[in-house]
4 protein chains.
Amino acid sequence: MANAAAKTQIRGPSRPKGQETAARVREAALKRFAASGYAAVSMREIAADVGVRPGALYNHFLTKQDILKDLMLSHMADLLEAWDSCDLGSDMDPLERFVRFHIRYHLEKADEVFISYMELRNLEPENFDVVEAERRRYEAILTEILLEGAAAGRYAVAEPKVATRAIIAMLTGIPSWYRAGGRLSKQDIEELYLELARKAVAPDAPPSLTGDRMT
Amino acid sequence: MANAAAKTQIRGPSRPKGQETAARVREAALKRFAASGYAAVSMREIAADVGVRPGALYNHFLTKQDILKDLMLSHMADLLEAWDSCDLGSDMDPLERFVRFHIRYHLEKADEVFISYMELRNLEPENFDVVEAERRRYEAILTEILLEGAAAGRYAVAEPKVATRAIIAMLTGIPSWYRAGGRLSKQDIEELYLELARKAVAPDAPPSLTGDRMT
Amino acid sequence: MANAAAKTQIRGPSRPKGQETAARVREAALKRFAASGYAAVSMREIAADVGVRPGALYNHFLTKQDILKDLMLSHMADLLEAWDSCDLGSDMDPLERFVRFHIRYHLEKADEVFISYMELRNLEPENFDVVEAERRRYEAILTEILLEGAAAGRYAVAEPKVATRAIIAMLTGIPSWYRAGGRLSKQDIEELYLELARKAVAPDAPPSLTGDRMT
Amino acid sequence: MANAAAKTQIRGPSRPKGQETAARVREAALKRFAASGYAAVSMREIAADVGVRPGALYNHFLTKQDILKDLMLSHMADLLEAWDSCDLGSDMDPLERFVRFHIRYHLEKADEVFISYMELRNLEPENFDVVEAERRRYEAILTEILLEGAAAGRYAVAEPKVATRAIIAMLTGIPSWYRAGGRLSKQDIEELYLELARKAVAPDAPPSLTGDRMT
DNA sequence: AATGAATGAGCATTCATTCAT
DNA sequence: CATGAATGAATGCTCATTCAT
């Protein structure tokens with residue numbers, strides 16, 4: 001967790017009120033931004049959600065932009081940290097591991113993911129650059145997996161960077177249509193997308209009948 | 001062309017001034033909405049781009065919402081119409097045809113495509129429903145292709161609807177990173193994504209012949 | 001008159017409403033700024049005085065600062081113009097002419113004068129510089145009078161610039177205590193200050209009894 | 001020293017911390033008020049200058065208005081007290097003594113003097129009345145000097161109260177343009193203004209002897 | 001078809017001040 | 001004495017929209 005909220009307990013619970021409020025602001029803003037978009041959300045609405053007067057928000061965030069920045073930066077940090085401490089079996093095929101991790105994380109943190117894509121253009125350039133750098137770091141993880149796998153002959157990818165973007169776009173689209181309680185469970189979706197991704201980069205299927213593939 | 005403008009073109013160039021203005025409004029709004037988002041764009045900005053006072057916009061569109069609706073509805077109509085009159089060889093494999101069409105169209109109409117994804121939530125429910133219906137019609141085209149291809153044994157897709165969304169998400173992500181003049185040409189990209197899509201739904205290497213693979 | 005209001009009649013009374021409103025805004029702002037100070041006056045108050053909603057003010061002035069700038073710049077321009085077209089007998093002693101003009105003008109335009117002194121620090125640097133330049137031009141008029149008079153032996157001034165500031169400060173103080181209907185009429189005040197100013201720069205009184213002054 | 005701080009100094013340095021803070025608040029407020037005007041200065045700014053949080057100011061002053069009142073009342077008291085204990089030779093001509101005292105005091109306490117003129121209108125009526133009374137007391141000093149001098153034939157003043165205001169306005173204008181290190185030293189200015197003031201109220205050259213002037 | 005002026009609601013933000021800790 | 005958090009009101013300004021001209 002890279003949330004600013006994490007700093008709460010430094011000096012014990014001496015002044016927990018403000019930290020709680022800040023956390024509730026983050027929470028309310030996240031939902032509102034995801035639902036209506038940054039520009040369409042007013043500080044008044046966030047304040048009302050939190051149960052506080054608008055002016056009080058400024059005890060916790062300098063500006064509205066600062067709330068967005070906080071949400072997006074901590075989301076990216078959380079994502080990378082979550083991958084680093086991903087507890088999916090390390091014996092699993094790396095692509096499978098990445099796909100399963102990505103789907104699970106993106107379904108769990110749908111709002112964070114959504115605004116991190118939708119609100120990029122509302123970030124001030126400096127913050128935009130930070131988020132972009134983190135995004136590239138995340139993509140690099142998959143690119144590296146593809147490169148290594150290709151070198152080992154497990155995958156066939158002409159352009160690992162392109163394949164990276166293609167797979168990530170494919171997976172990231174899931175939360176936009178997945179609805180809990182639908183026909184397909186998260187498990188089902190995970191398996192289906194895993195197969196699509198795996199096949200997309202699979203070594204070329206032997207021209208059907210050529211048994212000479214043991215090279 | 002499904003642009004509202006087209007609908008009144010019937011009587012020749014009798015009233016070219018207003019039509020022209022309306023077209024310039026559409027053009028300006030399209031660029032602004034794509035760049036900053038519907039909520040962040042003001043009628044004043046659009047008017048300034050067009051070279052007209054804000055009030056004049058209301059001679060051409062009832063409301064700001066109406067401009068968005070016009071752009072999104074006509075985009076969806078244009079997209080479906082473009083598919084219907086797609087001139088890619090009808091002897092081409094249907095999936096290949098769809099992929100090539102989709103990539104070309106989405107790279108050519110990047111702004112329209114972008115806002116049709118980003119601004120869905122800013123559409124009033126009624127307009128939203130129309131756009132959604134069109135989108136489903138478009139997706140149904142690919143789903144149908146996959147179903148038919150699967151029936152013919154050309155593709156293997158466990159869940160054609162899921163595969164549809166996966167492929168479309170994959171392809172639609174292209175304009176977000178493609179830059180003209182980059183290392184890869186549109187042609188290159190088309191081939192790369194075509195291969196990814198094709199393999200993703202390729203029939204599993206016939207189990208009979210894969211016993212010699214490193215299971 | 002250098003007031004923007006003067007531009008009103010360019011194209012006949014075709015759109016007189018806006019010009020009238022702008023004039024009323026200037027008038028209301030002038031009184032409020034003089035009474036309470038620029039920083040303490042709200043756009044809402046001005047709008048209420050004018051009988052208009054706050055937003056309407058922005059059809060006539062870009063910002064609150066712009067109103068202040070308009071008032072101060074046009075005051076300085078008016079002042080210099082008034083001096084140029086001053087109809088006090090040109091046969092009058094120049095100092096007398098300046099003193100009478102200054103007192104009359106400053107008693108007539110008390111509010112404008114007041115804010116032009118009090119609100120200098122609330123002007124943005126660029127506008128401040130303009131006003132300061134005008135003020136120096138105005139002071140230069142008196143300095144020139146003193147210099148010429150001294151050269152002609154009519155006045156004795158060791159430092160014309162210092163004497164200028166001294167006299168102007170003395171005269172400009174009048175509106176801060178003068179109240180119409182008081183014991184002294186404007187006429188009285190004019191004569192009294194004229195005498196003080198005249199004597200202040202009078203050639204040194206001959207050490208009382210030395211009749212040798214005909215040099 | 002008439003500072004409110006002085007009034008609680010009775011028990012020695014028993015509580016130096018609070019006294020120090022109050023003094024620093026006064027100091028910071030003085031500079032800010034002089035630079036930007038009372039209305040344009042926020043308690044937050046003062047607090048920041050002092051190195052304290054806004055709420056802490058209220059341990060030393062009841063309100064923002066109270067700080068202004070404190071500064072202005074103590075300035076007027078200090079001014080009168082300084083005159084009373086003025087150490088300029090008592091054999092000096094009283095007008096000269098007043099002029100020299102006034103210039104020196106006003107150049108030394110430029111900020112205090114400045115706000116005591118500029119912020120009068122921001123004083124609540126009660127405090128305003130007190131300051132006005134003190135100001136009249138101060139002016140009365142010069143009026144008395146002129147009256148006595150006139151009675152003794154040393155000066156000629158038709159209206160001592162008018163002359164008082166004229167001279168004080170003249171002298172008080174100095175700090176608005178004087179800059180240390182300029183061409184004229186404080187000494188120079190003192191002499192120049194002294195001469196102007198002296199001559200302004202000088203007895204008319206005895207009419208009997210002025211027949212030879214260029215009437 | 002376009003303008004200039006207006007509206008009424010809303011915006012992000014700041015303010016002086018309070019008060020429990 | 002100082003703090004951090006809050007309030008309630010206000011601030012300058014922008015907005016989509018209307019409408020007489």
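Convention: sequence-line order gives letters A, B, ...; per-chain numbering from 1.
At whole-Å resolution of the value, CG in D/N59 and P in E/dT18 are 12 Å apart. Between the CD atom of A/E20 and the C1' atom of F/dG4 there is a distance of 14 Å, rounded to whole Å. Going from atom CZ of C/F61 over to atom P of E/dG4 covers 17 Å, rounded to whole Å. The interatomic distance linking D/D66 (CG) with E/dA16 (P) rounds to 14 Å, in whole Å. At whole-Å resolution of the value, CD1 in A/I67 and P in E/dC11 are 14 Å apart. Rounded to whole Å, atom P of E/dA12 lies 6 Å from atom OH of A/Y58.
Contact annotation: C/R53 side-chain N/O to E/dG8 OP1/OP2 distance is under 4.0 Å. When the side-chain nitrogen and oxygen atoms of C/T21 are compared with OP1 and OP2 of E/dA6, one or more of them lie within a distance under 4.0 Å. In this model, the phosphate group of E/dA6 is approached by a side-chain N or O of C/H60 to a distance below 4.0 Å at OP1 or OP2.
If you run ring-ring contact (aromatic ring centres under 6.0 Å, His included) between B/F33 and each of B/Y38, B/Y117, B/F114, only B/Y38 comes through. Checked options D/D49, D/D66, D/D111, D/D70; the residue passing with D/R26 is D/D70 (criterion: salt bridge (Lys or Arg N to Asp or Glu O under 4.0 Å)).
Heavy-atom contacts from other residues, nucleotides or ligands closer than 6.0 Å to CZ of C/R121 number more than 12.
Near-neighbour residues of DNA chain F inside residues 118-130 of chain C, defined by a heavy atom below 4.0 Å, are absent. Residues of residues 38-52 of chain A having a heavy atom closer than 4.0 Å to DNA chain E, listed by number: A/V41, A/S42, A/M43, A/R44.
The CD atom of B/E27 sits 10.5 Å away from the CD atom of B/E20 when rounded to the nearest 0.5 Å. Of the inter-residue distances, the one linking A/L62 atom CG with A/I67 atom CD1 reads 10.0 Å to the nearest 0.5 angstrom. For the atom pair CZ (D/R24) and CD1 (D/I46), the distance works out to 13.5 Å, reported to the nearest 0.5 Å. We find the CG-OG1 distance between A/L57 and A/T63 to be 11.0 Å, quoted to the nearest 0.5 Å. Rounding to the nearest 0.5 Å gives a distance of 8.5 Å between CD of C/E132 and CE of C/M72.
Each of F/dG12, E/dT3, F/dA5 was ranked by its minimum atom distance to the side chain of B/A56; first place goes to E/dT3.
Stem analysis of DNA chain F (at least three stacked-register Watson-Crick or G-U pairs, each with both distances under 3.5 Å) gives E:2-21 with F:2-21.
When side chains are defined from C-beta on, A/N127 counts as touching A/Q65, because their heavy atoms get closer than 4.5 Å. Counting heavy atoms from C-beta on, the side chains of B/H75 and B/I115 never come closer than 4.5 Å. Using a 4.5 Å heavy-atom threshold, the side chains of A/V131 and A/K69 count as separate.
If you find the closest nucleotide of DNA chain F to A/G55 and to C/K64, the one lying nearer the 5' end belongs to A/G55. Toward the 5′ end of DNA chain E lies the nearest nucleotide of B/L57, the other residue of the pair B/L57 and A/P54 mapping further downstream.
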